Protein chains: 2
Amino acid sequence: MPYYQEHEKFHVAVDSIIFGYDEDGRELKVLLLKRNFQPAKGEWSLMGGFLKNNEAIDTAAKRILHQLTGLSDVYMEQLYTFGELDREPGARILSVAYFALIKINASDLELVKTHGATWVPISSMPRLIFDHTAMVGRALKKLQVRARTQPIGFELLPDKFTIPQLQGLYEAIYNKTLDKRNFRRKLLSMNLLEKLEEKEKESSRKGAWYYRFEPKNYEDLLNRGFNFEL
Amino acid sequence: MPYYQEHEKFHVAVDSIIFGYDEDGRELKVLLLKRNFQPAKGEWSLMGGFLKNNEAIDTAAKRILHQLTGLSDVYMEQLYTFGELDREPGARILSVAYFALIKINASDLELVKTHGATWVPISSMPRLIFDHTAMVGRALKKLQVRARTQPIGFELLPDKFTIPQLQGLYEAIYNKTLDKRNFRRKLLSMNLLEKLEEKEKESSRKGAWYYRFEPKNYEDLLNRGFNFEL
DNA sequence: GATAAACTGTGTATAAATAACACAATCTGT
DNA sequence: ACAGATTGTGTTATTTATACACAGTTTATC
């Protein structure tokens, strides 16, 4: 018998904190769903599922996200593994939490609705089951750290976006207002954005220029020792 | 049958990257052990063990650390959960990795030796089994981030230490030399240290004043919105 | 057709943090 | 007494962060 067989085995869930940004409401949102099974049926929870024997944990996280949103190729990062004895009543289940950043409009909104899922502003989250509230709190903190030091904000916006939109996103993530002159200067000084010859005219009379993030520029800069910071 | 019973279960290991600082050699070290069982018998690995049914993951990590070092009340933090399919040959085992910071001299060196464990400088690590090398790499990165923004360096030094010692530690963590005037000024400006009326005379003729970290000061400052940074 | 309203976009001055740098002080072993 | 090794101190220049006010553009409205 192999050396490890004598030890106990565990159910392993994968739960995802799925962040999206609502450009109109300028709000950071989380995708939550109402559980349609016991325990805690009818209560709000994160999207989750169980790890399978033939898949890596990352793979499981992607599978579960795809089930709910129809999306692949999404920014996802492992957050933390929750393993308290009493985290789920009446069962010993470990949960590996991931957080994901998606563009709300790119997701399959019908599919989302089918699962009974809803985009909820983080500022007005309902109570969540088990330790899911703690998971969201931890995810938000990590998102704040990541947003400051890596160009991941773009994952939450459409491919072309305006600088006021990007600033609104950062304000939502940090939950504080930023000076637009300083924000713009610092951002543009990094040479990560390409200005397009097109204006966004929905949200202002004057219109704001569209920009596009250039991953290639970012790679080049990284190789030269550049450190992103916003 | 409960809803989760239909899903597969997994062996869950807990592996720890145990950092220590060698004041004499001014080196950051990791505690490694030679496996005395299959697979990979005789090769170097991290300290690890299996999660038990009746314990939280954090508890398991502490238990395993205690087994090897005799220490409790140690700075430990969950690092990452490794769950690739092929991370361990011929077995599907998840590993929740932790990293720990300990004062080498406070540990039970006999106990460590009994387990066949050795303190190895991170600059000259041997090849480790499985994905343990990747674990150490990730732990080192996290340690560098933590050391910059939280006063955890003190976890690696005796209760009383000199400023040159502390600087040596930071130089070992960041793997670069620091300016002693700037280091000292910034450090002391935080008001986290209490100067003792005693000098360390081993490493210099002149002798260096001992200091002590004051956790209470740190708490107070935190409450006033203070941000540690070194 | 003037103007009010709402948002975009720009420049400058001040304060704070960081980085660079050189020499005197102390002690002990020879 | 002096050589050697390490601790300890101050100033200046550079960079980065913060604070702040007004003009430009368009359209709906009177």
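Worth saying up front: this structure is predicted, and the values here are computed from it rather than measured. Within every chain, numbering begins at 1; the chains are lettered A, B, ... in the order of the sequence lines, protein sequences first and strands thereafter. Basis for what follows: all heavy atoms, side chains included, without hydrogens, waters or symmetry-related copies.
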Taking for each residue the nucleotide of DNA chain D bearing the nearest heavy atom, is the 5' side occupied by A:Asn182 or by A:Lys199?
A:Asn182
Could you give the angle between the helix axes at the two ends of the helix from C:dG1-D:dC30 to C:dT30-D:dA1, with five pairs per end, rounded to 10 degrees?
20°
note: B:Tyr210, atom OH; D:dT7, atom C1'; distance rounded to Å ~ 14 Å
Please work out whether the ring planes of B:Phe226 and B:Tyr218 are parallel, tilted or perpendicular, with thresholds of 30° and 60°.
perpendicular
Could you check how far CG of B:Leu178 sits from P of D:dT7, rounded to whole Å?
14 Å
Could you tell me the separation between the CD atom of B:Gln165 and the C1' atom of D:dT6, rounded to a whole number of Å?
13 Å
Any side-chain N or O of A:Arg184 less than 4.0 Å from the OP1 or OP2 oxygen of C:dG9?
yes
If you check the A:Arg181 side chain, which of C:dT10, D:dT7, C:dC21 turns out closest?
C:dT10
Could you check which of C:dA6, D:dT9, D:dA19 has an atom nearest any side-chain atom of A:Arg205?
C:dA6
For B:Lys186, report the nucleic acid contact type (base, sugar-phosphate, nothing); a contact means any heavy atom under 4.0 Å.
sugar-phosphate
Nearest to the side chain of B:Lys201, heavy atoms from C-beta on, is which of C:dT28, D:dT7, C:dA6?
C:dT28
A:Phe161 and its ring-ring contact (aromatic ring centres under 6.0 Å, His included) partner, picked from A:Trp209, A:Tyr211, A:Tyr210, A:Phe154:
A:Phe154
Between P of C:dA19 and NZ of B:Lys176, the distance in whole Å:
7 Å
Please answer whether the main-chain N or O of A:Leu157 pairs with a side-chain N or O of A:Glu23 as donor and acceptor at a distance below 3.5 Å.
no
So, under a plain 3.5 Å distance rule, would you say the side chain of B:Lys206 forms a donor-acceptor pair with the base of D:dT7?
yes
Have a look at B:Ser203 and say if it touches a base, only the backbone sugar-phosphate, or nothing, with a 4.0 Å heavy-atom cut-off.
sugar-phosphate
Within the distance-only criterion (no hydrogens, no angle test), does the side chain of B:Glu155 pair as donor or acceptor with the backbone N or O of B:Ile152 below 3.5 angstrom?
no
Sub-6.0 Å ring centroid separation between B:Tyr21 and B:Phe19
no
Expressed in angstrom and rounded to an integer, what is the separation of B:Tyr174 atom OH from C:dA19 atom P?
12 Å
What integer distance in Å separates A:Phe183:CZ from C:dG9:P?
12 Å
Would you say A:His132's side chain and A:Leu46's backbone share a donor-acceptor pair under 3.5 angstrom?
yes
Atom-to-atom span, CD1 of B:Ile163 to P of D:dT7 - whole angstrom:
11 Å
Between A:Tyr75 and A:Glu77: side-chain donor-acceptor atoms closer than 3.5 Å
yes
Round to the nearest Å and state the distance from B:Leu187 atom CG to D:dT7 atom C1'.
15 Å
Which nucleotide in the list C:dG29, D:dG10, D:dT18 gets nearest to the side chain of B:Arg185?
D:dG10
